[in-house]
Amino acid sequence: MKKHSSTKEILLQHKGLFIWIFLAFLFCLGIFFIEGSQKAVDFAAGYIIELSLSVDNLFVFLMIFISFGISEHAQHKVLNYGIAGTIVLRFLFIFLGISLVTKFEWILWVFGAVLIISGAKMFRNEDEKDPRDGLMYKIVSKFMPVSDGFYGEKFVVKNTGDNYDRNSSKLSEKAKYLFTPLCVVMVLIIFSDVIFAIDSVPAVLSMTTDMFIVYTSNLFAVMGLRQLFFVLEHLHERFEYVKYGVGIILIFTGVKMLLDIFDIHVHNIVSIGVIVALLAGSIVFSIVKTKNKEAE
């Protein structure tokens with residue numbers, strides 16, 4: 001029987017994650033010396049909450065890859081392009097979010113309510129759906145000429161007249177070039193991150209509305225997503241209950257935003273402590289429960 005790698009061994013195999021965390025720490029230290037302690041705390045709070053919420057999004061990535069049978073080497077390529085697209089889209093989302101908050105302060109209360117609802121949804125025990133049966137995939141394949149199958153790690157292939165997907169859009173038959181299912185997967189990854197940003201960007205805005213701090217904290221968190229994904233890929237069965245911790249973090253952040261209505265402000269240092277405790281607690285609880293199941 002093949003021996004499963006321990007959590008420690010898997011973490012050591014993906015040292016890049018710790019490198020990105022260390023770089024974020026150095027950047028935070030630089031902010032401390034240049035901009036002061038408050039800005040450094042705001043960056044740390046934004047980075048930690050973004051990294052925490054990313055866990056749930058990465059589980060969606062994993063489900064998409066498994067559903068389409070994407071090889072690990074191809075996953076690297078898709079994630080690289082997906083993260084590049086995410087960086088651009090996050091900037092647009094953050095710019096829009098801060099513009100709205102600046103003009104309409106009450107929008108923060110709407111964001112708070114959205115976060116509470118999103119957090120509550122984490123506790124639903126719904127069966128995982130095949131992404132190919134989802135509305136997003138149907139929309140994408142409707143407007144993209146798609147090939148009949150994978151062609152290695154290519155995103156685009158030439159239409160030979162008999163290699164298009166006959167169940168996709170009518171454009172496929174007449175198109176000169178076809179997008180492979182691997183390209184469709186990349187689009188799904190980027191779209192899923194856009195949906196995820198509806199939760200994550202307001203959550204970071206609950207900590208600060210400083211454009212530079214919000215975007216850089218998002219940027220460092222996103223740059224570490226690739227390494228974090230491959231850690232979760234090997235450990236997702238042991239982190240079964242982490243999503244509930246993420247759900248509570250969303251609810252806490254939403255409540256924090258709504259408390260501003262009553263002029264009650266929760267300091268970001270307190271927020272950092274609560275978020276770290278919730279995430280660490282859910283991870284420890286997951287590992288303990290997994291060990292108990294294995295023992296049984």
* Taking the side chain as every heavy atom from C-beta outward, state whether F220 and F43 have any atom pair closer than 4.5 Å. => yes
*Mind checking whether L205 and I117 sit in one hydrophobic cluster, side chains of I, L, V, M, F, W, Y counted as touching below 4.5 Å?*
no
Across all chains, not counting sequence neighbours, the side-chain hydrogen bond (donor to acceptor under 3.5 Å, both in side chains) partners of D42 are Q38, N268
Quick one: are F93 and N218 in side-chain contact, heavy atoms under 4.5 Å? no
Here the gap from I189 atom CD1 to I83 atom CD1, rounded to the nearest 0.5 Å, amounts to 10.0 Å
Original post:
Donor-acceptor pair, K256 side chain versus S271 backbone, under 3.5 Å?
Top reply: no
Across all chains, not counting sequence neighbours, the side-chain hydrogen bond (donor to acceptor under 3.5 Å, both in side chains) partners of Y151 are D148
For V204 and S217, the nearest pair of non-hydrogen atoms, with its separation, is CG1-OG, 4.0 Å
Shortest non-hydrogen pair, I70 vs A74, comes out as CG2-CB, 3.7 Å
On a heavy-atom basis, the closest approach of C183 and F155 is CB-O, 3.4 Å
Rounding to 0.5 Å, atoms CG (L29) and CZ (F32) come to a distance of 7.5 Å
Check: Are V88 and F212 connected in a single hydrophobic cluster, I mean Ile/Leu/Val/Met/Phe/Trp/Tyr linked by side-chain heavy atoms less than 4.5 Å apart?
Finding: no
* To do: Would you check if I94 and M211 make a side-chain contact, meaning some heavy-atom pair closer than 4.5 Å?
  => yes
Separation between CE (M186) and OG1 (T180), nearest 0.5 Å, reads 9.0 Å
Check: Transitively linked via ILVMFWY side-chain contacts under 4.5 Å: I264 with I251?
Finding: yes
In short, D210 meets K39 closest at the heavy-atom pair OD2-NZ, 2.6 Å
Do S52 side-chain atoms and I48 backbone N/O form a donor-acceptor pair below 3.5 Å? yes
I'd like to check I87 versus Y215 (side-chain heavy atoms, cut-off strictly below 4.5 Å). Are they in contact? yes
Practice prompt. Please lay out, stage by stage, how W20 and L23 fare under the test side chain to side chain contact (heavy atoms under 4.5 Å, CB included).
Written response: CA-CA 5 Å; W20 279 112; L23 289 174; 3.9 Å; yes
Review point. Could you go step by step and tell me if L51 and L279 meet the side chain to side chain contact (heavy atoms under 4.5 Å, CB included) rule?
Key: CA-CA 10 Å; L51 202 61; L279 186 63; over 6 Å; no
Heavy atoms of H267 and I269 approach each other most closely as ND1-N, 3.0 Å
Here the gap from I213 atom CD1 to I31 atom CD1, rounded to the nearest 0.5 Å, amounts to 4.0 Å
**Item:** Min side-chain heavy-atom separation I275-M207 under 4.5 Å
**Value:** yes
The reported gap from CZ in F91 to CG in L96 (rounded to nearest 0.5 angstrom) is 11.5 Å
CG (L278) and CD1 (I283) are apart, to the nearest 0.5 Å, by 11.0 Å
Taking every heavy atom of S286 against every heavy atom of V242, the minimum-distance pair comes out as OG-N, 3.4 Å
